There are 2 protein chains.
Amino acid sequence: MELSCKSEYALLALLELADHYSEHEPLQIRQIAAEQSIPDRYLEQLLATLRRSGLVRSQRGARGGYILAREPWKITLLEVVSSIEGTDIQPSELDREAKSLEGLVIREVWHEAGRAADAVLQKYTLQDLAEKRNSRQQLDLMYYI
Amino acid sequence: MELSCKSEYALLALLELADHYSEHEPLQIRQIAAEQSIPDRYLEQLLATLRRSGLVRSQRGARGGYILAREPWKITLLEVVSSIEGTDIQPSELDREAKSLEGLVIREVWHEAGRAADAVLQKYTLQDLAEKRNSRQQLDLMYYI
DNA sequence: AGCAAACTCCGGTGGAGAACCGGGATATAC
DNA sequence: GTATATCCCGGTTCTCCACCGGAGTTTGCT
């Protein structure tokens, strides 16, 4: 399980959007990028991908920006990650499958492992992450006192 | 979960070694490569890695080759994959951790997902894979009749 | 009307890793 | 001592990641 910059940036950005979700006003790329120290031109690409996947909506023009397309508790981490990571290939998923029985069996186990990981990502929502962070913050405060 | 060529080649090679494990004679790179259609010079590198991890032993010189270091039912897929895939970095695992609370929480979930996938890989041994393949083969025969 | 922000599409760079190929040194069975 | 194998060192091509930048378009607030 590699944690790519892409996925982490996307999650950080969506977390930021989740924090301001109640305001019903769009957040600009610049603000998100500044808050989470993400290169803005790169974040733009990621948000474009998330928009095409229907996870965020964009508003163009002055006072525009991005808003979550759904409530933060209705967006799972799996949706985010597979939107951002799995863009590349669908046309030939079977291209390398049929090589040998060994190859087939290996791919089956791999698939099982992948589904186990996906299950974890699916049970967490953006809301869950934000709450996790908040309670962590409170713990830090307690230690400080 | 990406299935890289490296991991698949390594598993195929070890599966081949497992098949000939009872003979107590080493298998050459060329034979393994020919049997599983793996580029031999590439397979050499992978076997070197597996040797350094203590999963196979090598015998140099004429009539040399490779043998499994342990019995096929004592080698898990997780060992193979982490040997072949995870060589790169230990010195600074904490380098990017401390950026923000958000980053920390994300990494925790990621780690949980990784452990879920590892658990799957760990419950299968080379022996299990070979048996899976064999029973699959018998099914194919039944369909043929 | 004008500005501010989004979007689109274009291009490039630097680095890392994957997936190879090749040569020469070294060890070992015969 | 020669044939046979591994071992070690190197290089190549390719793709993807993580960015940076510009030029032009669309949209909406004021």
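Nothing here was measured: the structure is a model prediction, and the numbers come from that model. Per chain, numbering begins at 1; letters A, B, ... match sequence-line order.
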Looking across every strand, which nucleic acid part, if any, lies under 4.0 Å from A:Arg51 by heavy atom: base, sugar-phosphate, or nothing? sugar-phosphate
Mind checking B:Leu47 for me? I need base, sugar-phosphate or nothing, with any heavy atom below 4.0 Å counting as a touch. nothing
Between atom [atom1] of [X] and atom [atom2] of [Y], what is the distance when rounded to the nearest 0.5 Å?
X        : Y       : atom1 : atom2 : answer
A:Glu25  : A:Ile67 : CD    : CD1   : 8.5 Å
A:Arg107 : B:Leu11 : CZ    : CG    : 11.0 Å
A:Leu43  : A:Arg41 : CG    : CZ    : 11.0 Å
A:Ser100 : B:Glu8  : OG    : CD    : 7.0 Å

With a 4.0 Å limit, can you tell me whether B:Ser58 has a side-chain N or O closer than that to the phosphate oxygens OP1/OP2 of D:dC7? yes
Just N and O in the side chain of A:Tyr9: are any of them under 4.0 Å from OP1 or OP2 of D:dC19? yes
Shorter than 3.5 Å, N or O on both sides, protein versus nucleotides 22-24 of chain D: list them out with atom names.
{"unit_1": "D:dG22", "atom_1": "N7", "unit_2": "A:Arg41", "atom_2": "NH2", "d": "3.1"}
{"unit_1": "D:dG22", "atom_1": "O6", "unit_2": "A:Arg41", "atom_2": "NH2", "d": "2.9"}

Rounded interatomic separation in angstrom, taking [atom1] from [X] and [atom2] from [N]:
X       : N      : atom1 : atom2 : value
B:Glu44 : C:dG23 : CD    : P     : 13 Å
A:Ile38 : D:dC17 : CD1   : C1'   : 15 Å
A:Ile32 : C:dA5  : CD1   : P     : 13 Å
B:Lys6  : D:dT15 : NZ    : P     : 19 Å
A:Asp40 : D:dC19 : CG    : P     : 11 Å
B:Tyr42 : D:dG11 : OH    : P     : 18 Å
B:Leu27 : D:dT6  : CG    : P     : 10 Å
B:Leu43 : D:dC7  : CG    : P     : 12 Å

Under 3.5 Å, is there any donor-acceptor pair linking the side chain of B:Gln45 to the base of D:dC8? no
What are the two closest heavy atoms between A:Leu68 and A:Ala18, and how far apart are they? CD1-CA, 3.8 Å
Of the nucleotides C:dA6, C:dA19, D:dC7, which has the atom closest to the A:Gln28 side chain? C:dA6
Counting only side-chain heavy atoms from C-beta out, which of D:dC8, D:dA18, C:dA18 sits nearest to A:Ser4? D:dA18
Nearest nucleotide by nearest heavy atom, which residue falls closer to the 5' end of DNA chain D, A:Pro39 or B:Gly64? B:Gly64
Kindly check if the number of other-residue, nucleotide or ligand heavy atoms within 6.0 Å of CD (B:Glu23) is above 12? yes
Heavy atoms from other residues, nucleotides or ligands near CD of A:Glu35 exceed 12 (cutoff 6.0 Å): no
Determine whether A:Thr49 and A:Ser83 satisfy the following criterion, side-chain contact (heavy atoms from CB on, under 4.5 Å), listing intermediate values before the conclusion. CA-CA 7 Å; A:Thr49 303; A:Ser83 153; 4.1 Å; yes
I would like to know whether A:Glu131 and A:Gln127 meet side-chain hydrogen bond (donor to acceptor under 3.5 Å, both in side chains); could you show each step before the answer? CA-CA 6 Å; A:Glu131 284 170 5; A:Gln127 176 95 345; 3.3 Å; yes
Is B:Arg115 salt-bridged to B:Glu112, cutoff N-O under 4.0 Å? no
Would you tabulate the nitrogen or oxygen pairs shorter than 3.5 Å linking the protein to nucleotides 27-30 of chain D?
{"unit_1": "D:dT27", "atom_1": "O2", "unit_2": "A:Gly61", "atom_2": "N", "d": "3.4"}

